[in-house]
Every structure is written in C-alpha cells, then in structure tokens.
Amino acid sequence: MSIKDEIKKIKDNVYEIPGSFNKKMRASGRFYIADEYFDELEEGAVEQIVNVACLPGVQRYSIGLPDIHFGYGFPIGGVAAFSLRNGIVSPGGVGFDINCGVRLIKSNLTIDDIDGKLDELTEKLFKNIPSGVGSKGKIRLEENEINDVLDYGAEWAVNNGYGWPEDLEVLEENGRMVDADSSIVSEKAKKRGIPQLGSLGSGNHFLEVQIVDEIYNEEVAKVFGLEKGMIVVMIHSGSRGCGHQVCSDYLRVMDKAYKKYKVNIDDRQLACAPLDSKEAQEYIQAMAAAANYAWANRQMMTHWVRETFEEVLGKSAKEMEMDIVYDVAHNIAKMETHKIYNREEEVLVHRKGATRAFGPGCEEVPEKYRAVGQPVLIPGTMGTASYILHGTDVAMEETFGSTAHGAGRILSRSKAKKDYNADEITEDLESKGIKIKATSKNVIAEEAPGAYKDVDSVVRVSDETGIAKLVAKVKPLSVCKG
DNA sequence: ATGTGC
C-alpha cells in the first residue's frame with residue numbers, strides 16, 4: 001500500500017499522516033503543500049516525515065513545509081522538536097550546510113540612484129565578494145583566530161571592523177550561539193574554515209542587488225523599513241567547508257552513538273544520540289560553532305557590500321542607510337520554549353531547510369519588530385523573485401514557529417545540467433534586464449529556475465495557511481553566483 | 001551544500 005493513500009487532507013494545503021500509519025510512530029506527520037503539488041510530492045520525502053516521527057521524544061508533529069523534498073535522513077523543508085527529557089539530536093536534522101541562511105540589507109537608494117552604474121556595481125561586488133566551490137576569502141586569519149570566529153560569530157566580525165555594532169541587534173541569535181565551543185571542533189573543520197571565511201560559496205548561494213517590487217502589508221513593511229522601489233541586497237550563504245566538515249565529523253560520531261545507546265532508527269542517515277549523552281552535547285556545541293562561522297561569514301560579506309556601494313556611488317554606507325533588515329538561519333537546531341499540549345516546555349527544535357517564523361510578542365524577536373513578528377526571508381531561485389514575510393501566532397501554534405526556506409529543488413543537479421544550457425539561461429535573464437555573474441557555467445545550468453518548484457506557490461501556501469504572512473516581494477536586478 | 005565519491 002502506498003504511503004500517500006494513508007494521508008488525510010486536514011484543510012486546503014495541509015495534510016496529515018496519522019500516527020496509526022505505523023506502530024513505531026510516536027507522533028503524527030503534518031505537512032503543508034500546495035494542493036496542486038500534492039501529486040508530485042516524492043513518496044521518499046513523505047517516508048522521511050514518518051521516519052522522523054518514529055524518533056524518541058519527538059513532540060506533537062513531524063512537520064513538512066511547502067518546499068519539502070527528499071534529503072539526507074530528514075527531509076529538506078522539515079521541522080521536528082524533541083523533548084529534553086527523552087529526545088535526541090541528529091546531524092541529519094540540521095543538514096550539511098550548518099546555518100546556511102539569508103540576510104537582507106536595505107538602503108535609501110532608488111533605481112535612479114544606480115542608473116547607469118548597475119553593471120559596475122555588479123562587477124565590483126563579484127570581485128569583492130569571493131565565490132565559487134573552494135573559494136577563499138581575501139583575509140588572512142591567524143591560526144588561533146578561527147577559535148574566536150567559532151566562539152563569537154558575527155560579534156567577532158563586528159569587533160574586527162566588519163560592520164556596525166547595531167548590526168548584531170537584527171541577526172537571529174544576535175549572530176552568536178552562546179553554546180558554541182571551538183575547542184571540540186575538529187582541526188580538519190578549522191583547517192577548511194580558515195581560508196574560506198568571507199566567501200559566498202556555490203550551488204544555490206547568491207548575492208543579489210534587488211528592488212522592492214511589491215508591498216503586501218504596508219504597516220509591517222514600514223516596521224521593517226521597506227518601501228516600494230527601494231534598492232536592497234540579499235546574501236544567501238552558509239558555513240562553507242567548515243560546517244560541512246562538522247556535519248561529517250558528527251555523522252560518524254552519531255553512527256556509533258545510536259548503536260551504543262540502542263536508539264531504534266528506520267534509516268541509518270537518522271543517526272542520533274540521546275540529548276543527555278556526551279555525544280549529543282558535543283554535537284550541539286560544535287554545530288553552534290559552525291553556525292557562528294556562518295554568521296561571521298555573512299557579516300564580513302555585508303561589510304564588503306557596503307564598501308562596494310561606497311566605492312561605486314561615492315557616498316558612505318551610513319548616508320545610504322544600508323542597515324541590515326534581518327538575518328535568518330535555514331539549517332539549525334536550537335533549544336526553544338514551545339507550547340506542547342497547553343504546557344510551555346523547552347524542546348530542541350531541528351529546522352532543516354526551514355525558517356524560524358516567530359510571531360508577535362516573542363522575546364527572541366528584536367524589539368523594533370516585536371509587535372509584528374520577526375522578518376522571514378525566503379529566497380527564490382536564480383533570477384526569480386524573493387519574499388519577505390513576518391512570523392505569526394499560527395506558526396507558534398502549528399509549526400514550532402517555522403515556515404519554508406525557499407523554492408525547493410525538483411530536478412537533481414545532474415538532471416538540471418542535462419536539461420538546461422547556461423548560455424540560454426543567461427540570455428533569458430538578460431532579456432528580463434537581469435545581469436548575472438557566475439564563477440562557472442555549470443552552476444548556472446544546475447541552478448536553472450526550472451530545476452526548482454515555483455517559489456511563488458511556496459510563499460502563497462505559507463501565507464494562506466498563516467504560518468508566515470506576506471509583507472513584500474523583491475526582484476533581482478543583478479545576481480552574483482559561485 | 002561540499003576539497004561535487006572514500
């Protein structure tokens with residue numbers, strides 16, 4: 001019998017896999033997907049929701065978000081929360097690119113201010129922000145400095161001249177997870193991290209100059225400092241080889257740990273350890289350190305974005321009001337307090353390809369946004385629109401304060417390379433007035449918009465189900481890619 | 001995502 005036959009439709013765009021589907025399930029599965037995408041949904045991704053629902057200490061629902069697709073162990077576009085008493089932590093529930101995330105920088109510029117200068121701006125951004133597989137940053141980190149990066153994140157960056165002290169106020173976790181402990185991060189992860197700090201990376205990572213194209217909620221847009229016609233910059237990047245290595249290191253640790261602690265898992269890729277174990281605590285500290293690396297990384301690139309705008313436009317970044325709107329993590333696990341059947345409980349929330357979407361009043365939301373909920377940044381694919389939403393009470397009730405993180409891949413990288421041609425895509429974007437600079441032609445074909453689910457539908461489902469509400473749409477003017 | 005397989 002197909003697993004999809006067991007799925008119950010709860011309401012428009014919301015589906016449930018009953019906990020009775022499988023004797024091992026300790027929670028139900030619940031996922032949000034555009035009704036028109038239901039038939040295309042991979043069975044494998046649904047099975048992964050079920051596998052996660054079988055893990056010890058899982059709370060309420062194993063959740064799939066509108067961009068869900070098959071991933072390593074846990075689905076991408078997945079959220080699961082575990083009890084601190086009998087739950088687990090799993091590197092597969094966070095993903096390889098620890099704290100891959102998105103940051104939005106605003107300005108007081110309009111299209112007229114960059115008229116005739118977009119090409120130069122894009123060329124210089126591409127030059128000043130290193131990108132590509134194995135790309136190296138342009139600073140030389142001292143051997144012991146990597147420990148400060150891992151322990152202090154964006155705070156290290158600001159203290160070392162990358163950006164402004166007030167930047168930290170508008171970063172998730174203020175750009176620093178205090179649980180981080182660099183002393184348990186492997187030498188190999190540090191060695192990979194040292195030369196790459198301050199680089200964009202490859203794949204779906206990008207840096208775009210964008211324009212605010214549409215405002216859906218004037219009141220909230222105003223609180224976030226956004227206006228129609230405003231030039232903004234979006235950075236999508238992560239923890240590079242450093243986070244990847246931390247994930248690999250701990251997948252190996254967990255592969256032993258789940259056997260040692262006799263955790264029953266349905267897929268070896270769900271390797272995990274009980275939260276009270278040494279292995280779990282060490283992974284959490286190492287993951288937090290890699291998350292800090294990613295925040296330092298995006299902070300440094302922010303600084304170079306501002307410098308580049310200054311160089312091309314001849315005004316200071318302060319004068320151009322290039323403030324950070326917000327910075328969100330897409331791949332992370334965090335201790336948070338959530339309502340579990342009318343009781344407030346501390347749980348470990350895994351978000352893998354998911355954005356935190358905390359609603360109004362949450363103390364984790366910066367004070368200036370607290371009345372309306374946190375900014376939620378959902379990037380589109382190369383050359384397509386991206387969206388700004390706000391967190392909601394519905395997300396707090398239903399999804400542990402989470403929503404989708406992006407478009408969601410539907411073609412593998414290799415299939416995309418077969419189906420698409422880099423020159424045609426470049427021409428197509430240029431015909432729409434979008435300039436693209438990329439390190440390799442391969443990445444352009446791999447990241448073809450057609451290889452992804454339509455981000456518009458992902459965002460629409462989020463808005464219609466209420467797990468994050470639309471605020472604004474931005475569209476790219478130019479794209480820098482690895 | 002990623003020294004794009006160990």
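Chain identifiers are assigned alphabetically (A, B, ...) following the order of the sequence lines, protein sequences preceding nucleic acid strands; residue numbering begins at 1 within each chain.
What separates CZ of R409(A) from C1' of dT2(B) is a distance of 14 Å, to the nearest Å. Straight-line distance from the CG atom of D97(A) to the P atom of dT2(B): 6 Å, rounded to whole Å. Taking atom CZ on R413(A) and atom C1' on dG5(B), their separation rounds to 16 Å, with Å as the unit. The CZ atom of R240(A) sits 13 Å away from the C1' atom of dT4(B) (whole-angstrom rounding). Q196(A) places its CD atom 11 Å from the P atom of dT4(B), with the value rounded to the nearest Å. Per the geometry, CD belonging to E446(A) stands 13 Å off P belonging to dT4(B), to the nearest Å. The CD1-C1' distance, from I98(A) to dT2(B), rounds to 12 Å in whole Å. Residue K136(A) contributes atom NZ, which lies 14 Å from atom P of dT2(B) at whole-angstrom precision.
The residue K188(A) sits close to a base: some heavy atom pair falls under 4.0 Å. Here S248(A) lies out of heavy-atom contact (under 4.0 Å) with every strand. Here G203(A) lies in heavy-atom contact (under 4.0 Å) with sugar-phosphate atoms only.
Ring geometry for F31(A) versus F38(A): interplanar angle under 30°, hence parallel rather than tilted (30 to 60°).
The ring-ring contact (aromatic ring centres under 6.0 Å, His included) pairs that include a residue from residues 238-271 of chain A are F96(A)-H244(A), Y250(A)-Y283(A), where partners are two or more places apart or lie in different chains.
Figure legend: cation-pi geometry between R30(A) and Y61(A), with NZ or CZ positioned under 6.0 Å from the six-membered ring centre and within 45° of its axis.
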Can I get a per-line list of side-chain donor-acceptor pairs under 3.5 Å for residues 130-139 of chain A, giving both atom names and the distance, sequence neighbours left out?
| unit_1 | atom_1 | unit_2 | atom_2 | d |
| --- | --- | --- | --- | --- |
| S131(A) | OG | T439(A) | OG1 | 3.2 |
| S135(A) | OG | G132(A) | O | 2.8 |
| S135(A) | OG | R240(A) | NH2 | 2.8 |
| K138(A) | NZ | N128(A) | O | 3.0 |

